[in-house]
Amino acid sequence: MSQLQQLQIQYFRNLTQVSLEFQSGLNLIVGDNAAGKTALIEALWVLATGRSFRTHQPSHLIQHQQPHFTLFCQIQDDQKDTPNKLGMQRSMQQALLKLNGERCQSQAQFAQTLPLQLLTPESHRLLEEGPKARRQFMDWGCFYQTSQFLPLWRNYQRALKQRNRALKQQLPPQQITLWDAPLVQSALEIDQLRSTYLAQLTPHLQNFCHQLIPEIEQTVTLSYRAGWPQQTKNLQQLMQDHLPQDRKKGHTQYGCHRADIRFRFGQLEAMQTLSRGQQKLFVCALLLAQAQLHQEQTGNRVIMLIDDLPAELDAHHRHTLLQLLQQLKIQHLITTTDAKLIDDLNPNTSQTWQLSQGELKAI
Ligand SMILES: Nc1ncnc2c1ncn2[C@@H]1O[C@H](COP(=O)(O)OP(=O)(O)OP(=O)(O)O)[C@@H](O)[C@H]1O
Ligand SMILES: [Mg+2]
């Protein structure tokens with residue numbers, strides 16, 4: 001079971017020097033507005049993924065007047081006797097990664113070692129906004145499910161970038177269609193992985209929807225859109241036939257980069273039928289479904305980060321979610337402005353900290 005044991009943060013936003021020893025269940029961070037709660041969750045997310053969910057600029061993350069931030073964590077997984085140690089130092093110019101004391105070039109290896117899921121007050125955007133977040137959602141699953149996914153995805157991105165560059169520069173058709181074969185080859189494999197993943201996820205999602213939003217009687221269904229018309233028999237032929245339109249637009253219109261997922265309850269689109277609170281619960285169900293499938297397929301557990309839980313859910317639904325996390329034995333890091341709003345279901349596996357002005361105290 002993967003378990004986060006320790007986290008150290010230095011010069012990350014307002015967190016000058018923070019050190020935490022984690023418990024296996026609930027890890028609760030309590031603090032007023034601007035205490036640094038989101039910064040703490042963000043630090044862990046940056047360590048795993050190399051990116052923040054709030055900014056694209058590393059300069060926003062480094063504490064003012066400091067040259068760099070440093071993050072370190074220790075995580076135990078079932079398959080190994082000794083824990084993994086992940087370290088990151090990020091200055092304006094570069095990021096340095098160390099895995100178990102050795103220089104590491106691959107952020108993906110960090111993500112692999114530290115599988116995180118994130119729920120923030122903005123998470124309902126997964127339903128509301130464009131397809132990018134939904135693609136990220138399914139690709140999260142594919143990435144952890146099989147090591148084939150990342151190289152395929154990289155090949156696809158490379159071919160797409162080259163093809164789009166050729167389109168934009170209005171190069172002759174042969175120099176554009178040159179990229180069709182590698183693009184289509186990886187597209188079809190990615191498509192297969194994505195659709196298989198979503199099919200496996202569906203029963204888990206149905207189960208968690210039933211537990212979190214039982215008032216909706218219709219069963220949820222997922223319909224996956226590949227990024228090209230469903231009736232397409234030959235993707236490469238489609239790309240060729242569509243070349244004049246692509247040249248006019250200056251980019252490739254069909255492909256994995258246009259994939260999406262539609263969620264329906266009965267005949268109705270989720271967005272049309274769910275209240276705001278239900279949308280948030282639905283996103284919780286999506287993450288729990290992923291977490292459970294991840295557990296079944298890899299034997300490892302995810303760590304769930306929940307920023308500002310009360311802003312997400314009412315008391316009853318908070319309780320249900322906490323119960324599910326406990327049942328699934330998912331280690332969770334939750335922030336709140338008010339500790340009374342979070343039920344401590346199992347004091348043996350939980351710990352609460354007070355965070356004020358970037359300083360953390362166990363209570
Ligand atoms: N690069 C930085 N250097 C120093 N301080 C920063 C930096 N970036 C942000 N801050 C400050 O860090 C503090 C913590 O912000 P954060 O968003 O983590 O608070 P929070 O506890 O999540 O608050 P809320 O309850 O309002 O969501 C804020 O006062 C912010 O101004
Ligand atoms: Mg916050």
Side-chain angles (χ1 to χ4, degrees), residues 4 7-20 22 26-73 87-96 114 116-126 128-129 133 276-277 279-280 283-284 287 303-315 317-318 321-322 325 332-343 350-363:
L4 196 54
L7 173 67
Q8 289 170 17
I9 301 172
Q10 194 184 35
Y11 303 138
F12 187 93
R13 293 206 189 254
N14 70 330
L15 306 172
T16 302
Q17 187 84 50
V18 164
S19 180
L20 272 95
F22 285 91
L26 167 67
N27 295 274
L28 184 63
I29 310 287
V30 186
D32 290 342
N33 295 135
K37 303 182 298 299
T38 304
L40 203 149
I41 282 191
E42 188 183 29
L44 203 47
W45 189 257
V46 167
L47 180 58
T49 67
R51 288 188 309 261
S52 160
F53 49 85
R54 293 203 282 189
T55 177
H56 294 298
Q57 309 257 11
S59 60
H60 295 172
L61 304 175
I62 301 168
Q63 190 165 92
H64 306 316
Q65 326 294 344
Q66 295 298 333
H68 48 66
F69 66 74
T70 310
L71 306 171
F72 170 84
C73 85
M88 170 187 276
Q89 190 174 75
R90 185 88 178 79
S91 67
M92 297 280 271
Q93 292 76 31
Q94 60 168 349
L96 258 177
L114 181 59
L116 300 179
Q117 283 190 316
L118 176 69
L119 192 69
T120 74
E122 282 81 42
S123 291
H124 60 275
R125 287 191 190 155
L126 186 72
E128 212 169 59
E129 288 188 352
R276 181 65 149 226
Q279 287 172 28
K280 294 183 171 187
V283 175
C284 292
L287 295 185
I303 295 145
M304 185 89 74
L305 312 178
I306 307 183
D307 193 22
D308 203 359
L309 179 61
E312 294 281 301
L313 306 173
D314 63 35
H317 289 105
R318 283 198 298 271
L321 177 62
L322 289 167
L325 288 168
H332 40 298
L333 176 62
I334 293 182
T335 72
T336 179
T337 51
D338 184 355
K340 289 198 292 294
L341 297 176
I342 309 293
D343 304 328
S350 70
Q351 171 71 54
T352 302
W353 290 267
Q354 179 75 43
L355 182 63
S356 52
Q357 294 171 355
E359 299 240 337
L360 199 64
K361 268 196 210 110
I363 49 177

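These values consider heavy atoms only, across backbone and side chains, with no hydrogens, waters or symmetry-generated copies. Atoms within each ligand, like the ligands themselves, are counted from 1 in listed order. The structure presented is a predicted model; accordingly, all values stated were derived computationally and were not measured.
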Student: Checking contacts here: is it the side chain or the backbone of E42 that comes within 4.0 Å of ligand 1, counting heavy atoms only? Could be both or neither.
Tutor: neither
Student: Is there a heavy atom in A35 that sits closer than 4.0 Å to ligand 1?
Tutor: yes
Student: Within a strict 4.5 Å, meaning less than it, do heavy atoms of the L360 and I29 side chains meet?
Tutor: yes
Student: Among all protein non-hydrogen atoms, which one is nearest to atom 25 (O) of ligand 1, and what is the separation to 0.1 Å?
Tutor: K37 NZ, 2.7 Å
Student: Within the protein, is there a heavy atom lying under 4.0 Å from atom 17 (O) of ligand 1?
Tutor: yes
Student: In this structure, does ligand 1 have an atom that sits under 4.0 Å from one of the heavy atoms of L355?
Tutor: no
Student: Please indicate whether Q8 has more than 12 foreign heavy atoms, meaning atoms of other residues, nucleotides or ligands, lying under 6.0 Å from its CD.
Tutor: yes
Student: So is R54 close enough to ligand 1, meaning a heavy atom under 4.0 angstrom away?
Tutor: yes
Student: Around atom CD of Q66, are there more than 12 heavy atoms from other residues, nucleotides or ligands closer than 6.0 Å?
Tutor: yes
Student: Does any N, O or S atom of T335, backbone or side chain, fall under 2.8 Å from the Mg ion (ligand 2)?
Tutor: no
Student: I need the nearest protein heavy-atom contact for atom 29 (O) of ligand 1: residue, atom name and distance, please.
Tutor: A34 CB, 3.5 Å
Student: Given side-chain contact (heavy atoms from CB on, under 4.5 Å), test L4 with C73 step by step and report yes or no.
Tutor: CA-CA 7 Å; L4 196 54; C73 85; 3.9 Å; yes
Student: Can you tell me the protein heavy atom closest to atom 8 (N) of ligand 1 and the distance?
Tutor: R13 NH1, 3.4 Å
Student: In ligand 1, which numbered atoms sit nearer than 4.0 Å to a non-hydrogen atom of I62?
Tutor: 1 (N), 2 (C)
Student: Before signing off on this row, confirm whether T337 and ligand 1 have an N or O atom pair separated by under 3.5 Å.
Tutor: no
Student: Should you measure from each heavy atom of A39, which atoms of ligand 1 turn up under 4.0 Å away?
Tutor: 18 (O)
Student: Could you pull out, from N14, T336, T120, the option with a heavy atom nearest to atom 12 (O) of ligand 1?
Tutor: N14
Student: Counting distance only, does the side-chain N/O of R318 pair as donor-acceptor with the main-chain N or O of L313 below 3.5 Å?
Tutor: yes
Student: Minimum heavy-atom separation for L321 to C284, with atom names?
Tutor: CD2-SG, 4.0 Å
Student: Please test T120 against I41 for side-chain contact (heavy atoms from CB on, under 4.5 Å), starting from the C-alpha separation and ending with a verdict.
Tutor: CA-CA 10 Å; T120 74; I41 282 191; 5.8 Å; no
Student: Pair L20, N27 - check side-chain contact (heavy atoms from CB on, under 4.5 Å), show working.
Tutor: CA-CA 10 Å; L20 272 95; N27 295 274; 5.7 Å; no
Student: Give the atom numbers and elements of ligand 1 that come within less than 4.0 Å of a heavy atom of D32.
Tutor: 21 (O)
Student: Determine yes or no for a side-chain-to-main-chain donor-acceptor pair under 3.5 angstrom, with R125 supplying the side chain and A133 the backbone.
Tutor: no
Student: Considering only non-hydrogen protein atoms, determine which one is nearest to atom 26 (O) of ligand 1 and report residue, atom name and distance to 0.1 Å.
Tutor: N33 ND2, 3.2 Å
Student: With distance as the sole criterion, is a donor-acceptor pair present between the side chains of T335 and D308 under 3.5 Å?
Tutor: no
Student: Are any side-chain N or O atoms of K37 and backbone N or O atoms of D32, one a donor and one an acceptor, separated by less than 3.5 Å?
Tutor: yes
Student: Before signing off on this row, confirm whether Q63 and ligand 1 have an N or O atom pair separated by under 3.5 Å.
Tutor: no
Student: Starting from atom 27 (O) of ligand 1, which protein heavy atom do you reach first, and at what distance in Å?
Tutor: T38 OG1, 3.9 Å
